[in-house]
Amino acid sequence: MAKEKKGLRLEHVSKIYQDPKTGKDFYAVHDANLEIAPGEFVTLLGPSGCGKTTILRMIAGFESPNEGQIYLGGEPINELTPNKRDTAMVFQSYALLPHYNIFDNVAYGLKLRKMPKDEIQRKVTNILKMVGLEGMEDRMTNQLSGGQQQRVALARALVIEPGVLLFDEPLSNLDAKLRVDMRTEIRRIQQEAGITAVYVTHDQSEAMAISDRIIVMKKGLVDQVADPHTIYYQPVDEFVADFIGEANFLRGKLDAREGDEGTVSFEGHKIPVSGVSKHSAGDDVSLVLRPESARVADEGVLRCKVTLSRFMGHYQNYQVMVGDTLIKIQDFNPKNHKIYEVGDEAWVAFNRDDLHVL
Amino acid sequence: MAKNQSTSLDRKKMMADPILVTTIVVLIAFLTLFILYPLAILLVDSFVGDTGPTLSVFQRVLAMPSFETAITNTLTVGFLVGILATLIGLLFAYVEEYVELKSKFMKGLFSVVSILPVVSPPFVLSLSVIMLFGKSGIITRYLLGIYDNNVYGFWGIALVQVLTFFPVCYMMFRGLLKNIDPSLEEAARDMGASRWKVFTSVTLPLILPGMGNAFLVTFIESIADFANPMIIGGSYDTLATSIYLQITGAYDKQGASAMSVVLLSITLIMFILQKYVLEAKSTATLTGKASRARQPIDDRSVRVPLTILCGIIALFVTLMYICVPLGGLFKTWGYDFHLTTKWFQQVFTMHHGFEAFGDSFLLSFISAPITALLSMIISYLVVKRNFKAKPFIEFVSMLAMAVPGTVLGVGYIRGFSGGVFHTGFLQGLYGTSAILVIVFIVRSLPTGTRSGISALRQIDKSIEESAYDMGANSYEVFTTVTLPLIKDSFLSGLVTSFVRSITAISAVILLVTPSTLMITVQINEFAEKGAYGVACAFATILIAITYTAVALMNVAIKHFGTSAKIQAQSEEE
């Protein structure tokens, strides 16, 4: 669909803002180096204020980087104004033009490009079909539901066939169920159009569902760049582990190490672990244990006491104490499982390869 | 170093947009030349003599006993009018927002009161007061039997100004009171406070900065007012009239410059106080929309007296406006109440009515669209763009609000009669109609800009960004997105500036040449001569024109406006 898929590269890009209260300068984005392949769907993920939207707006040209250079399709674009860049953005608030109907909204960018009328007609009709809005050309934007407005915003960005498509938290104004439908839809359309996409969100499940790769950001810094599977199972630090899904951290000391294997002492237990080659004996380590990888059982690795046990429908939610550490456990499909009650003494069970060593 | 790259990139991006850059440059030149420069020249004129810097002009002016009296007079009137107009404005707004208005008639009166001052020339009420309370006034002479009542002077000015300016306060308070969340007052009521206690302990503290704001705005209007003191002031001179007399009577341009500097300093201080201290405060306390509608007070002991009080004032104001057309229809006001059309005929047969209306209409008609467009461009730049000169543009275009017309007029005389800096550059401008058009533009720019800014602030920034992102340049963004979205504000700016221009007098009277006839100047002339019949006939036609313009505007907004659509859009978000 796109004329040409374009890759995107950020080299040492920084953005400095001034704190309005203290008047001090701080890095909203610090030394970001990113390489996005043509046709790739990449998500910038992080809590609010982490700099993800700033990166997006620098790519679009609304903000100018203080340091570094941005390349689109190999060309440096720092000096180009937003209207000269081969990017199209889908805004959080949709930003549809309220005085135009759907057709004119979608045709806006094509008209600016002085395209012949019949070609505009053809392209707009095609794209509206793609986003599932055929026959709605004459509606005004305020006659549409949130999801439909979202589709118009998407169609408007797609129709100009940009080198890269930018999404600024596009689903945050929709209700939960619609959000899930729309993200599937966005992914389908991006694949169909074969377009490079950069997507900003603070919703980790959205990021997991939609992306080829995820860029996790924290306080202006790029923390980890990887595919969803790696991000989830091999987070680089506690921040990533905690931000993507839920995580328990078993903080202990590496007693002994032999090659990649070792034992960690934690709350009076000795836990055998793998993947410790980068550590040496005596190091403080943190073991990531996902709540769904652990079970409460009559025998296991860690002796525990149940402090919360609640039926949630598709899982039984536990909180147990191992020494002074609280561990969250989700026991899925609990219908035929033994249910432990508050005050019960039990064991936390898990497989050795469900632990990830930080 | 790091900071510089972003700054230079921003500058490069802006320079890549020649239309934007040209617009900014032209704006800065216009504002500097026609607002800053005339004011600066007043300072230069009054501080620099033939031999260099001197205070002698000021010493001379300040030593005039008449000038000292004028300062005292101006401030006294300003304070009194400021306080009274604020209180009456508050009363009206309170009754409208809080009290159940039972009759359609009362609601009608309220809307009359809010529209009349908008459409009427500034000095109309002076004419009415003279006709009602003067020597041959209907009320004083015929109802009360007083034959030598003197309305000229302090009380006359004060009465007229209070009635002219309180509707402005009323509109300001209406906005403020609307934004008070009713649950605050209900909470106080719920905890056992009486209605009076609720008003004094909740409502009043919330609108206190707003009251200060209203007072200062009225105060500035009052001391800048030229037309009313001119007509009804008699020997009671204010600063504005003194300056006028100094220049037209004593031909003392330097003295007039020094007096203008004094008047300007007062209004400037008030303006800065108002804009930077009170305006911020008065909106900070009341943010956002009220959560739901207020339960109007239906308590007879509150409703009846307040409604009656408002009713009397509103009726009185209405009566005064009715006097104007009647004054043009009676043979001799106060003596012979036979109906006649001779005054209206005289307007056109003897007093060059067609030329006067033609000139005033044409010049206002030319300046209105320029003003409206200019103020929308300024609002767009101020709200949506970031560039170095932005604070300058915003401040100077708002500054014009604080400059009394008389001061501006003197500034133009001093600044342009010999060309810019007496070099002969642009000398051709002085004494032409073009300079009147420029004065009209400068005088209406602040109101238009203010309404444009508030309209634009309501529009999500990303709407324009999206257009920009789609490939539109600044010009295309402005014409295809911004302007259509603030069409209402543009239309009302167009009409307001037309109405303001066609009813303007203070600066115009100093700059008009015999070859151009302006209606307002004619009315002023006849009113001063005591030819009230002709003056009223002129004024009636003028009001008819302005009222038609406003009515057309309302129809236009209803049919072509976009506000309804945008409203629906923003509510959904």
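What you see below is based on every heavy atom in this structure, not just the backbone, and it leaves out hydrogens, waters and symmetry mates. Per chain, numbering begins at 1; letters A, B, ... match sequence-line order.
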Largest heavy-atom contact set with chain B, pairs under 4.5 Å, which of L97(A), T87(A), V90(A), L112(A) | L112(A)
CG/D460(B) to CZ/F91(A) distance, rounded to the nearest 0.5 angstrom?
-> 9.0 Å
Distance, nearest 0.5 Å, that separates CG of L9(B) from CD of E63(A) | 12.0 Å
Point-to-point distance, once rounded to the nearest 0.5 Å, from CG of D10(B) to CD of E79(A) = 11.5 Å
pair I16(A)-S6(B): side-chain heavy atoms closer than 4.5 Å = no
Under 4.5 Å to a heavy atom of chain B? For K15(A) that would be side chain
Among K461(B), M470(B), E476(B), which residue forms the greatest number of heavy-atom pairs with chain A at distances under 4.5 Å?
-> M470(B)
Considering only heavy atoms, which portion of L80(A) lies under 4.5 Å from any heavy atom of chain B: side chain, backbone, both, or neither?
-> backbone
Y468(B) and T81(A) have their tightest heavy-atom pair at OH-CB, 3.8 Å
Verify, without hydrogens or angle tests, whether K13(B) (side chain) and G61(A) (backbone) share a donor-acceptor contact under 3.5 angstrom.
-> yes
Taking all heavy atoms of H99(A) and all of P484(B), pick out the closest pair and write down the distance.
-> CD2-CB, 3.3 Å
Give a yes or no on this: more than 12 heavy atoms of other residues, nucleotides or ligands lie within 6.0 Å of atom CZ of F26(A).
-> yes
Could you look at A16(B) and say if it's the side chain, the backbone, both or neither that has a heavy atom under 4.5 Å from chain A?
-> side chain
Taking atom CZ of R450(B) as the centre, report whether more than 12 heavy atoms of other residues, nucleotides or ligands fall under 6.0 Å from it.
-> no
Tell me, for S474(B) versus chain A, whether the close heavy atoms (under 4.5 Å) come from the side chain, the backbone, both or neither.
-> neither
Give a yes or no answer on whether the side chain of D469(B) reaches the backbone of M89(A) with a donor-acceptor pair at less than 3.5 Å.
-> yes
Could you tell me which portion of R156(A) (side chain, backbone, both or neither) has an atom closer than 4.5 angstrom to a non-hydrogen atom of chain B?
-> both
Atom pair CG (N83(A)) and CG (D17(B)), whose distance is rounded to the nearest 0.5 Å = 6.5 Å
Donor-acceptor pair between Y94(A) and S466(B) side chains, under 3.5 angstrom | no
Do other residues, nucleotides or ligands put more than 12 heavy atoms under 6.0 Å from the NZ atom of K111(A)?
-> yes
Can you measure from OG (S462(B)) to CD (Q92(A)) and round to the nearest 0.5 angstrom?
-> 8.5 Å
Nearest-0.5 Å distance, CD of residue E465(B) to OG of residue S93(A) = 9.0 Å
